[in-house]
Amino acid sequence: MPELPEVETTRRRLLPLLEGKRLLEVRHQDPLRYRHTERARERAVEGVGRRGKFLLLALSGGLEMVVHLGMTGGFRLEKTPHTRAEFLLEDGVLHFHDPRRFGRIWVVERGAYGEIPLLARLGPEPLSPEFRPEAFLQGLRRSRKPLKALLLDQTLAAGVGNIYADEALFRAGLSPFRLGREVSEAEALRLFQALREVLAEAVALGGSTLSDRTYQQPDGLPGGFQKRHAVYGRAGLPCPRCGAPIAKGVVAGRGTHHCPWCQR
DNA sequence: ATAGGCGCCTGTAAGC
DNA sequence: TGCTTACAGGCGCCTA
């Protein structure tokens, strides 16, 4: 699903298509999901940024378009049966594709995120220098939630979703069921490092495209990180480290994959 | 404070 | 074969 690496890949692909271009209009028939898009009419796109899983398009006149891809959202160069909105640009059309309609778009005054509470309280970017091991350790220790739930929370680190939470916990050798307040300092640091490594590798490979091909880049290219998944989507298959079958359970309502031998 | 469960959505896969 | 049911999950919301 679109998590930090997929959204970052999307941002990089959109950059040459959008930056410096004039947005004539955003067409759709769903004003509840795609809010205040009329404000974007005849605005220039001044920048294409990202915070966590949110895409942030800086628009002229001090406005900002915020896009969350939800589970199945993405931009495409071609119209699809699930095109939900069309971005009419001075030199072409960009299609917002979203079969399950969990994606959202807002146009707001730049930085005014009152309508988007999750964006307003987002934690640090895990690939930036603002992501500090001390604060991460404190955050884990303060909570009785399981580690998997803490990674999904967006408060300790922005942009982590189900795939990368499972993969980071595997690399750190930590069970997704372990409670935050029970981890040692060394374990917390392992998780901190593992998270950064997994996310950086996934960004370098263009994110993960699962077999349902839900996530694609705008030109239809798949990502490459799915080939490196050690546990996600591999229930019953051998652990790449020890060969034991990967187990599947539920944490925080999400399918959770781990190696019962390597992750304690 | 936090955990669990539901609802939103729709395509796909599994079960009968 | 054709139908029904389960499942995938990011996030908001409600309840205990």
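Every chain is numbered from 1, with letters handed out A, B, ... down the list of sequences. These values consider heavy atoms only, across backbone and side chains, with no hydrogens, waters or symmetry-generated copies.
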Quick one: which residue pairs count as a salt bridge (Lys or Arg N to Asp or Glu O under 4.0 Å) with a foot in residues 123-136 of chain A, not counting sequence neighbours?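 Pairs touching residues 123-136 of chain A that pass the test: A:R50-A:E125, A:R51-A:E125, A:R132-A:E134.
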Mind jotting down which residue pairs meet the salt bridge (Lys or Arg N to Asp or Glu O under 4.0 Å) criterion with at least one end in residues 223-232 of chain A? Sequence neighbours excluded, please. A:E201-A:R228
Quick one: ring pair (Phe, Tyr, Trp, His ring centres under 6.0 Å) partners of A:H36, sequence neighbours excluded?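 Partners of A:H36 by the ring pair (Phe, Tyr, Trp, His ring centres under 6.0 Å) criterion come out as none, since no residue qualifies.
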Residue list, ring pair (Phe, Tyr, Trp, His ring centres under 6.0 Å) with A:F131, at least two apart or on another chain: A:F136, A:F192
Could you label the plane-to-plane angle of the A:F96 and A:Y34 rings as parallel, tilted or perpendicular, counting under 30° as parallel and over 60° as perpendicular? perpendicular
Could you tell me from which nucleotide to which nucleotide of DNA chain C, 5' to 3', there is an atom under 4.0 Å from chain A heavy atoms? C:dA8 to C:dG12
Centroid separation A:F225 to A:Y164 less than 6.0 Å: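 Judged by ring-centre distance (under 6.0 Å), A:F225 and A:Y164 do meet the cut-off.
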Assign [X] to base, sugar-phosphate, or nothing according to its heavy-atom contacts below 4.0 angstrom with the strands shown.
X	value
A:G253	nothing
A:R144	sugar-phosphate
A:Y164	nothing
A:L118	sugar-phosphate

What is the distance, to the nearest angstrom, from the [atom1] atom on [X] to the [atom2] atom on [N]?
X	N	atom1	atom2	value
A:H97	B:dG11	NE2	P	10 Å
A:R101	B:dT10	CZ	P	4 Å
A:R142	B:dA1	CZ	P	13 Å
A:L69	B:dT10	CG	P	17 Å
A:L150	B:dA1	CG	P	15 Å

Is the shortest side-chain N/O distance from A:R100 to OP1 or OP2 of B:dG11 below 4.0 Å? no
Output yes when at least one side-chain N/O atom of A:H82 is less than 4.0 Å from OP1 or OP2 of B:dG11, else no. yes
Distance-only donor-acceptor pairs under 3.5 Å for side chains of residues 40-48 of chain A, two or more places apart:
from: A:E42; atom 1: OE1; to: A:R22; atom 2: NH1; distance (Å): 2.9
from: A:R43; atom 1: NE; to: A:R39; atom 2: O; distance (Å): 3.2
from: A:R43; atom 1: NH1; to: A:S60; atom 2: O; distance (Å): 3.3
from: A:E46; atom 1: OE1; to: A:R110; atom 2: NH2; distance (Å): 3.0

Let me spell it out: for each of A:R254 and A:K248, pick the nucleotide of DNA chain C with the closest heavy atom. Which residue's pick is nearer the 5' end? A:K248
